[in-house]
Visitor: 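A single structure is presented below for examination.
Numbered from 1 within each chain, the chains take letters A, B, ... in sequence-line order. The structure presented is a predicted model; accordingly, all values stated were derived computationally and were not measured.
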2 protein chains.
Amino acid sequence: MKSSRECIEYIRPVRDVLDIINGKWKLPILISLSFGNKRFKELEKEVEGITPKMLSKELRDLEMNQLIIRSVYDTVPVSVEYSLSEYGKSLDSVIDALREWGKKHRNKLFAKL
Amino acid sequence: MKSSRECIEYIRPVRDVLDIINGKWKLPILISLSFGNKRFKELEKEVEGITPKMLSKELRDLEMNQLIIRSVYDTVPVSVEYSLSEYGKSLDSVIDALREWGKKHRNKLFAKL
DNA sequence: CGGTATCCCTGAGGATACTG
DNA sequence: CAGTATCCTCAGGGATACCG
């Protein structure tokens, strides 16, 4: 067992990440974008249950943190495309880990029934 | 680029996990316990900033989800020890991934200055 | 299409004090 | 020591409607 200080040091980076990908929507949005660039309406469908207001806000947050890129194309009507930045793509390992555990958890829950 | 249905299927397990480890405190608590069994007061110190109320609530949630074990010892005064369950330990990979990314993120922020 | 605006509510989370 | 009890704030999130 290590010292308390080491433990606190260990927690810090995780808290940093939690600050960035907090809430129920950010990771689902990032995952959706990891499947390919998406328009606003597409995201609204794939991230089930999200409202336009929340989607708009979360996209802004993610863009501010440089995880995604918002590209506006000068078509008529204007079209907007969201994509993962390289930095956002680097979250893959995190998403994979979460996903693997999530699948195990699901199996565990089913096994109980 | 895959179909929308695949994408939605892909997101589901991640949302399951998020439901379990949501909020700012659960992962820090789990990490602290990964360093060794802890008493309530010890956790209160190592999970910096948490109030006893939140700690109490989060511990209850984590216990309900079988991620931690609460052991009461019949001493005077009574002592309570929290430990990771095997199931809780299986979150290691998730925590590692988050932590690795968090460290990178920190470096990136520092590099900017 | 890609969002805003408005209103609303719950619950996460905090501060402080207290108890068996 | 291991929590409860109260009271409080505020942001996360939802519903619905609307706009350029």
Visitor: Take the angle between the ring planes of A:Y10 and B:F35 and call it parallel below 30°, perpendicular above 60°, tilted in between.
Guide: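 Geometry flag for B:F35 against A:Y10: perpendicular rings.
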Visitor: What closest approach, in Å, do A:I20 and A:K26 show between heavy atoms, and which atom pair accounts for it?
Guide: O-CD, 3.2 Å
Visitor: In whole angstrom, what separates B:L55's CG from D:dA2's C1'?
Guide: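 About 10 Å, once rounded to whole Å.
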Visitor: Considering the options A:K41, A:R60, A:E44, which one meets the side chain to side chain contact (heavy atoms under 4.5 Å, CB included) requirement together with A:L55?
Guide: A:E44
Visitor: Go through DNA chain C in 5' to 3' direction and return only the first and the last nucleotide with some atom under 4.0 Å of chain B's heavy atoms.
Guide: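 Extent of the interface on DNA chain C: C:dA12 to C:dA15.
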Visitor: Run the salt-bridge test on B:D19 and B:R15 with the 4.0 Å N-O cut-off and return the result as yes or no.
Guide: no
Visitor: Check whether any side-chain nitrogen or oxygen of B:R60 sits under 4.0 Å from OP1 or OP2 of D:dA2, and answer yes or no.
Guide: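 No.
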Visitor: Is there side-chain contact between A:Y82 and A:L62, with heavy atoms separated by less than 4.5 Å?
Guide: no
Visitor: Going hydrophobic residue to hydrophobic residue with side-chain gaps under 4.5 angstrom, can you get from A:I69 over to A:I31?
Guide: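 In one cluster with A:I69: A:I31, no.
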Visitor: CD/A:E100 to OG/B:S93 distance, rounded to the nearest 0.5 angstrom?
Guide: 8.5 Å
Visitor: Let me have a per-nucleotide readout for nucleotides 13-19 of chain D, 5' to 3', with B, S or -, counting only protein heavy atoms under 4.0 Å.
Guide: BBB----
Visitor: Using five pairs at each end of the helix from C:dC1-D:dG20 to C:dG20-D:dC1 to define an axis, what is the angle between those two axes, to 10°?
Guide: 50°
Visitor: Using atom CG of B:L43 as one end and atom P of D:dC1 as the other, report the distance to the nearest whole Å.
Guide: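 So the two atoms are 13 Å apart, to the nearest Å.
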Visitor: Nearest whole angstrom, please: distance from the C1' of D:dG20 to the CZ of A:F40.
Guide: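 Those two atoms, CZ and C1', are 15 Å apart.
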Visitor: What's the CD-C1' distance between B:E44 and D:dG3, to the nearest Å?
Guide: 9 Å
Visitor: Can B:K57 and B:D61 be counted as an ion pair, charged N to O under 4.0 angstrom?
Guide: yes
Visitor: What distance do A:E58 atom CD and A:I21 atom CD1 have between them, rounded to the nearest 0.5 Å?
Guide: 11.5 Å
Visitor: Could you tell me if the side chain of A:C7 sits less than 4.5 Å from the side chain of B:K38, heavy atoms only?
Guide: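 Yes, at least one pair of side-chain atoms sits under 4.5 Å.
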Visitor: Less than 4.0 angstrom between a side-chain N/O of B:Y82 and OP1 or OP2 of D:dG3, yes or no?
Guide: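 Answer is yes, contact under 4.0 Å.
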Visitor: Tell me whether A:E42 is salt-bridged to A:K45, with the criterion being a basic N under 4.0 Å from an acidic carboxylate O.
Guide: no
